[in-house]
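Notes for the one structure printed next.
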Amino acid sequence: MDHKETVKWMFRQLPMYQREGKSAFKKDLSNTLKLAAKLGNPHKDFKSIHVAGTNGKGSVSHALASVLQEADYKVGLYTSPHLKDFRERIKINGKEVSEDFVTDLIKKNKTFLKESNLSFFEMTVGMAFDYFARENVDIAVIEVGLGGRLDSTNIITPEVSVITNIGFDHVQFLGNTYEKIATEKAGIIKNNVPVVIGETQEETKSVFERIATENHAPIYFADQLISDEFHTDLKGSYQKKNIKTVIQAIRILKGFNISEEHIKSGLSKVSENTGLKGRWQILGTQPIIICDYGHNKLALSYIFSQIA
């Protein structure tokens with residue numbers, strides 16, 4: 001199979017949420033752990049930052065990666081979904097994983113993947129972790145796909161956990177109240193690992209504080225602690241909240257030498273450094289054409305407000 005055929009094969013594997021709906025939601029991480037073991041547990045070979053939340057986690061992940069790159073670190077970035085090319089999901093310092101790596105990994109493990117009934121997302125997570133380990137990244141920014149507790153990315157133990165905010169999304173999986181959704185997303189909080197909450201919300205604050213306490217995890221509410229105003233190339237008024245989240249996460253990240261200048265330059269060059277597309281991206285001026293996207297009511301309300 002060439003690269004195009006390989007990606008098509010991956011998309012056809014079941015279960016897949018986009019095609020199957022609720023029946024595709026896994027009840028545990030056993031498949032991901034099985035694949036990780038097959039690949040030699042690559043997720044244990046690199047440091048990471050784990051990013052969850054209802055909205056903003058993609059922007060936050062890219063901005064974190066940009067700041068780390070400005071500090072001269074080799075930075076892996078795993079995000080989902082992609083806009084045009086599957087390889088957008090897996091990058092190092094803004095450069096997408098090669099077609100050969102994607103094709104070779106599937107080719108070598110195709111029988112195992114099929115017999116284990118691994119989903120598209122599980123394969124993709126395993127592929128990203130294997131790539132980052134093989135390329136010896138200094139750190140990887142890992143974006144949660146759906147929820148947190150049962151997401152395939154949640155086999156890592158990061159240096160910092162980040163939860164941007166809570167809104168109603170995927171309620172058939174995560175629950176139909178803010179408290180239930182927050183509990184699922186708080187599943188990424190690990191023992192003794194600091195956690196940054198992007199937005200303080202009355203309905204969810206106590207949930208995060210309780211789970212952080214249970215895990216002896218220092219907790220930081222970015223919107224209460226960060227008052228700095230930093231410029232960013234990410235357009236849209238909603239990015240102000242995301243930037244505070246990024247700054248707080250960077251400032252509590254231990255073992256990395258990151259200056260205020262690195263933060264400023266990283267935030268001003270997110271798209272340039274990471275190749276982020278589609279976040280209030282101006283594609284034309286006569287007539288004006290702007291590309292943005294959202295997958296739930298809260299995200300769309302931000303977009304409509306910005307249009308107005």
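Hydrogens, waters and symmetry mates play no part in the numbers below; they use all other heavy atoms, side chains included. All values derive from a computational prediction rather than experimental measurement.
For N41 against D45, the heavy-atom pair with the smallest separation is O-OD2, 4.1 Å. Of all heavy-atom pairs between Q69 and T274, the closest is OE1-CG2, 3.9 Å.
Of the inter-residue distances, the one linking K57 atom NZ with T79 atom OG1 reads 10.5 Å to the nearest 0.5 angstrom. Atom CG of L225 is separated from atom NZ of K244 by 10.0 Å, given to the nearest 0.5 angstrom.
The shortest distance between side-chain heavy atoms of M127 and M123 does not fall below 4.5 Å. Counting heavy atoms from C-beta on, the side chains of L68 and I139 come closer than 4.5 Å. Here the side chains of M10 and I106 are in contact, with some heavy-atom distance below 4.5 Å. Contact annotation: the side chain of T164 never approaches that of N55 to less than 4.5 Å [non-hydrogen atoms, C-beta and beyond]. The shortest side-chain heavy-atom distance between S48 and V141 does not fall under the 4.5 Å cut-off. The shortest side-chain heavy-atom distance between Y131 and V102 does not fall under the 4.5 Å cut-off. The closest side-chain heavy-atom distance from Q248 to F221 is not below 4.5 Å.
The backbone N or O of L234 lies less than 3.5 Å from a partner atom in the side chain of T232, making a donor-acceptor pair. Panel note: side chain D138, backbone Y73; no donor-acceptor pair is recorded below 3.5 Å. Within the 3.5 Å criterion, the main-chain N or O of Y178 finds no donor-acceptor partner in the side chain of T204. For K74 (side chain) and E135 (main-chain N/O), a donor-acceptor pair under 3.5 Å exists by modelled atom type. At least one donor-acceptor pair closer than 3.5 Å links the side chain of S119 to the backbone N or O of E122.
Of the N and O atoms on the side chains of E70 and S265, at least one donor lies less than 3.5 Å from an acceptor on the other residue. A donor and an acceptor atom, one from each side chain of S98 and D100, are nowhere located under 3.5 Å apart.
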Trace of the side chain to side chain donor-acceptor pair (under 3.5 Å) decision for N154 with K190: CA-CA 10 Å; N154 201 30; K190 302 295 195 304; 2.6 Å; yes
Audit row: N165, Q201, side chain to side chain donor-acceptor pair (under 3.5 Å) steps and yes/no: CA-CA 8 Å; N165 60 17; Q201 296 167 274; over 6 Å; no
Candidate pair Q224 and T200, rule side chain to side chain donor-acceptor pair (under 3.5 Å), full reasoning: CA-CA 8 Å; Q224 296 182 2; T200 308; 3.1 Å; yes
Step-by-step salt bridge (charged side-chain N to carboxylate O under 4.0 Å, His left out) determination, E88 to K84: CA-CA 8 Å; E88 294 169 27; K84 296 180 69 177; over 6 Å; no
Residue pair H3, T6: steps toward the side chain to side chain donor-acceptor pair (under 3.5 Å) verdict: CA-CA 5 Å; H3 174 71; T6 298; 5.9 Å; no
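For the pair K108 and D104, the salt-bridge criterion is not met [side-chain N within less than 4.0 Å of a carboxylate O]. With respect to the salt-bridge test (charged N to carboxylate O, under 4.0 angstrom), the residues R251 and E260 qualify. A salt bridge does not link E159 with K254: every distance from a Lys NZ or Arg NE/NH1/NH2 to an Asp or Glu carboxylate oxygen is 4.0 Å or more. Between D85 and R87 there is a salt bridge, with a side-chain nitrogen of the basic residue lying less than 4.0 Å from a carboxylate oxygen of the acidic one.
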